Amino acid sequence: MAKRVMTVDDSRTMREMVAFTLRQAGYEVSEAEDGVKALAALKAAPVDVVITDLNMPNMDGVTLIRQLRAEPRYRSVPILMLTTEGDAAKKAEGKGAGATGWLVKPFDPAKLIDVVKRVAG
Amino acid sequence: MVTLDHLRATYFEEAAELLERAYAELAALSEGRAGEDTVHALFRAYHSIKGGGGAFGFTRPVGLAHVMETLLDLVREDRITVAPDLLALLLRGTDMLADLLAAERDGVAATPGVEAGILDALESAAKIDHIAREQAAPVQAAAAIADGWRIEFRPHPGLFRSANEPLHILRELAGLGPVEVVADPSRLPGINRIDPEEAYLSWTVTLRAAVARAQVQDVFEFVIDDCDLSIDALDDATEPAATMAERPVATPTAEPAPPDIAAAPNASPLAQSVRVDVAKIDRLVNLVGELVITQAMLAQHEATLPPDLCPGLTRGLETLSQHLRELQDGVMAIRTQPVRTVFSRMPRLVREVAGMLGKDVRLVVTGEGTEIDKTVVEQLADPLTHLLRNALDHGIEPPDAREALGKPRQGIIQLSAEQRGGRIIIEITDDGRGIDRARVLARARERGLVSAEATLSESEIDELIFLPGFSTAETVSAVSGRGVGMDVVRRNIEALGGRIRLESRLGHGSRFTLTLPLTLAVLDGLVVSVGRDAYILPIAAIVESLRPRREDVRDVVGHGQVIAIRGSYVPLVPLHTRFGVAGAVNDYTRGIVVIVETDHSGQIGLLVDDLVGQQQVVVKSLEANWRRVDGIGGATILGDGRVALILDVAGLAALPAVAIPAAPPRAHLHLH
Amino acid sequence: MTIAGSGHGPASRTQLPALLDLEAADALCQSLREALALDDIEFDGAAVERVATPCLQLLLSAATSAAGRGAQFRITAPSEALCTAVAELGLSGLIPLER
């Protein structure tokens, strides 16, 4: 069965890039544009990997990670943060909230696939 | 299937939206309307432009967005305060970003170094000599390659809390080459004391593959802070002391099965909106149009039946008609777009033009959310640009002149949109000098547009500026003197089925009012008959209809006939002579005259045989189906299947009073 | 998970669940503690589909504890997924799998 990935980003470009890359690699990808929508959707339909931006309106990435880790079903689901180089503090914060790993924007598609494979097994 | 081109297109679309957003937030900041999220939203706009652009290798816009993002981050952390000069800088930066993005989109190289000045200014505002361009600390050893590696991996107890999984890490290592994995359970407590969620095991992995150290390090990228790790080249590693569990394991060579490619992709329960090709919507619009026609046909057949023959059918048709109306509204709504997309370009225009002219102007935009047909929105850019340039150039006075007049130094231009009934009203109002009618009239006489002895009313004089060949600019300036006159603006607006009107008070300012249809695809029309033909008159243009008495009509030498209506004379245009229709009513006392309002020719009276009825018609382009005909705005299909031409009243008024021989041959006209 | 079995005699035998991931660790730990308090343990590993390190740690801990008390600990009919995971983590000699 195809592994399910959700990409959470307020940038449509970013979501589409992630989705496009991962679909080509055979993953099933759903999208959400902020933390609130992601959380609702993730509670309704579980996924195997979550990839989230950190800077988003409504609910930012770190809060989303924290909220997901509080859900029993998402305690061991890998969560990747999409960060930019300058985001060291944010990255640390995300890591502290329970993020599994990170990916620096702009990412190389092959790297994205590698990283998802690394955390999803 | 999504392609890279599609992704690129998405990026530019989104970048345009983000820029709009940035401009809006900057405006909010400068007007003191900033909310809690304003700076965050600005930050995110530059951040997203940067993030997406990097993926396509757009280094220049990305570089600029990066600096702006950094600056906003400092603002966000209250390390820099937003002062007017900083805002001006951000605006300039955003303008430049828009230019750089446009260059990338159009595949033309922006002038090298064009952004250097703004970059310097932004960087010094951020009080940084060089925005840290993150360089991965060069780890010399990273590139080292050995015949193999001995890896000691000792997770900290909390490793599992971030959902990292040693199994996956060891699996990835095995992907680099043959491995021997030895587990060390020495820290593992007994079952009664164990915490099921802590990590106790550690591993020694011998990787027999000539790979770079960096490749091995990469595998541990996410857990480097959650474990003790040592990676040593095999050749200088001492043979490991036999541990209690020394037992090389033949690692399964089979890669974990890739996710099933055939499985249904794209299953997104989240989609709040979908992107649809405009062509698909237009097809839908067309189909609904066909339905409307079919419904009209059914209604016509039904009308010929005896009234009580089938009451159920009558009721059903009524319901059908009502639902069809709603369906049509719904489909049309898909085509609409907020005018924001075109309004948002105007602040920059005003800034730049005001700068060039040395004028101080504030643009106040309202009603950006007003929705209108997408085609109309797209075609509004040119007329609006022209009208704004015009207001800046000819309307608003220079600051000193304003002060001398007792006006505030800063002029105000208002750009507003609102929906009134089935029309959209767009107004451009300035508080500048207004129209100097004496000068306009003098200019028009000079150009021979008006005879020396003619006396004109104020509104007639205002109309003069819309005449081809009229230009009031004393000097042709770089701003508005581009050879495009107000006549072109009017033509553009009329081509959209709209009207433009000017009101002005000398010394106080001018207001241009654009009245536009909500949609171009459907029209409320009056069906009139001329001979055996039917024509459609747009309801919006109709003033009244009447049956003239003999004494109401007079011949004016060289001007055809006029009809007297309450003391004023209106030119009479018999449609049958205009379009060369045989067998029509020739005697105006037996026909009907429909008085219509045109924008620049006042009222005209159209002589027709009879009024057939009012109905909503689906507009089909005549140009697309046949060719352009003056005085005809399009065509439609009536309920009985006949093709009817839709009259363009402005075009009719401008035509010479002679028959047009080339009325479309109906038999060969197939509309689709 | 409930453990069926009596205090003595034949080993208590129970089925390992399909998912042995982090969420299952707590329940597995409880079951193992209860089972070990009884007698020899025999697990049927045929149903296991997904395994994560936390649960394998528990199985190893239970096996070690059982050995310390001289009790038997066996996993019979291990599934492919279980065998692979045990091998990949270098635990083949430590967790007794009986194919």
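Quick caveat, the model's predicted, so the values are computed rather than measured. A, B, ... follow the sequence lines: proteins, then strands. Residue 1 opens every chain.
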| note | Residue set satisfying ring-ring contact (aromatic ring centres under 6.0 Å, His included) with B:Phe58, at least two apart, ordered chain then number -> B:Tyr11, B:Phe12, B:Phe56

| remark: Only one of A:Asp10, A:Asp9, A:Asp60 passes salt bridge (charged side-chain N to carboxylate O under 4.0 Å, His left out) with B:Arg44, and that residue is A:Asp10

| For A:Leu22, is it the side chain, the backbone, both, or neither that has a heavy atom closer than 4.5 Å to a heavy atom of chain B? | neither

| said: Between B:Asp226 and chain A, with a heavy-atom cut-off of 4.5 Å, which part of the residue counts as in contact: side chain, backbone, both or neither? | reply: side chain

| message | Could you tell me if the side chain of A:Arg118 sits less than 4.5 Å from the side chain of B:Asp218, heavy atoms only? | response | yes

| Picking from B:Asp37, B:Val62, B:Val219, which has the most non-hydrogen pairs under 4.5 angstrom with chain A? | B:Val219

| said: Is B:Glu197 close to chain A through its backbone or its side chain, or both, or neither, when contacts mean heavy atoms under 4.5 Å? | reply: side chain

| query | Can you say whether A:Asp53 sits under 4.5 Å from chain B via the side chain, the backbone, both, or neither, judging by heavy atoms? | reply | side chain

| Between A:Ala120 and chain B, which part of the residue has a heavy atom less than 4.5 Å away: side chain, backbone, both or neither? | backbone

| Would a distance-only check, ignoring hydrogens and angles, find a side-chain to backbone donor-acceptor pair under 3.5 Å from A:Thr100 to B:Ser162? | yes

| task | Can you see which heavy atom on B:His168 is nearest to which on A:Val119, and at what distance? | result | ND1-O, 3.0 Å

| query | Quick one: of A:Ala99, A:Gly98, A:Pro57, who has the most non-hydrogen atom pairs under 4.5 Å with chain B? | reply | A:Pro57

| query | How far apart are the C-alpha atoms of A:Lys95 and B:Asp225, what are their side-chain angles, what is the distance that settles it, and do they pass the side-chain contact (heavy atoms from CB on, under 4.5 Å) test? | reply | CA-CA 10 Å; A:Lys95 198 84 180 45; B:Asp225 295 332; 5.5 Å; no

| query | So among A:Glu16, A:Arg15, A:Arg12, which one has a side chain to side chain donor-acceptor pair (under 3.5 Å) with B:Thr10? | reply | A:Glu16

| message | I'd like to check the side chain to side chain donor-acceptor pair (under 3.5 Å) partners of A:Thr13; sequence neighbours left out, ordered by chain and number. | response | B:Glu14

| note | Within residues 62-77 of chain A, the residues sitting under 4.5 Å from chain B by heavy atom, in sequence order, are A:Arg69, A:Arg75, A:Ser76, A:Val77

| With sequence neighbours left out, which residue pairs that include part of residues 43-52 of chain A fulfil the side chain to side chain donor-acceptor pair (under 3.5 Å) condition? | A:Arg4-A:Asp48

| field | Region of B:Arg161 in contact with chain A, defined by heavy-atom distances below 4.5 Å | value | backbone

| Heavy-atom pairs under 4.5 Å with chain A, option from B:Glu221, B:Glu165, B:His40 with the top count | B:Glu221

| message | Could you check whether atom CZ of B:Arg79 has more than 12 heavy atoms from other residues, nucleotides or ligands sitting under 6.0 Å from it? | response | no

| What heavy-atom pair brings A:Ser11 and B:Ser48 nearest, and what distance separates the two atoms? | CB-OG, 3.8 Å

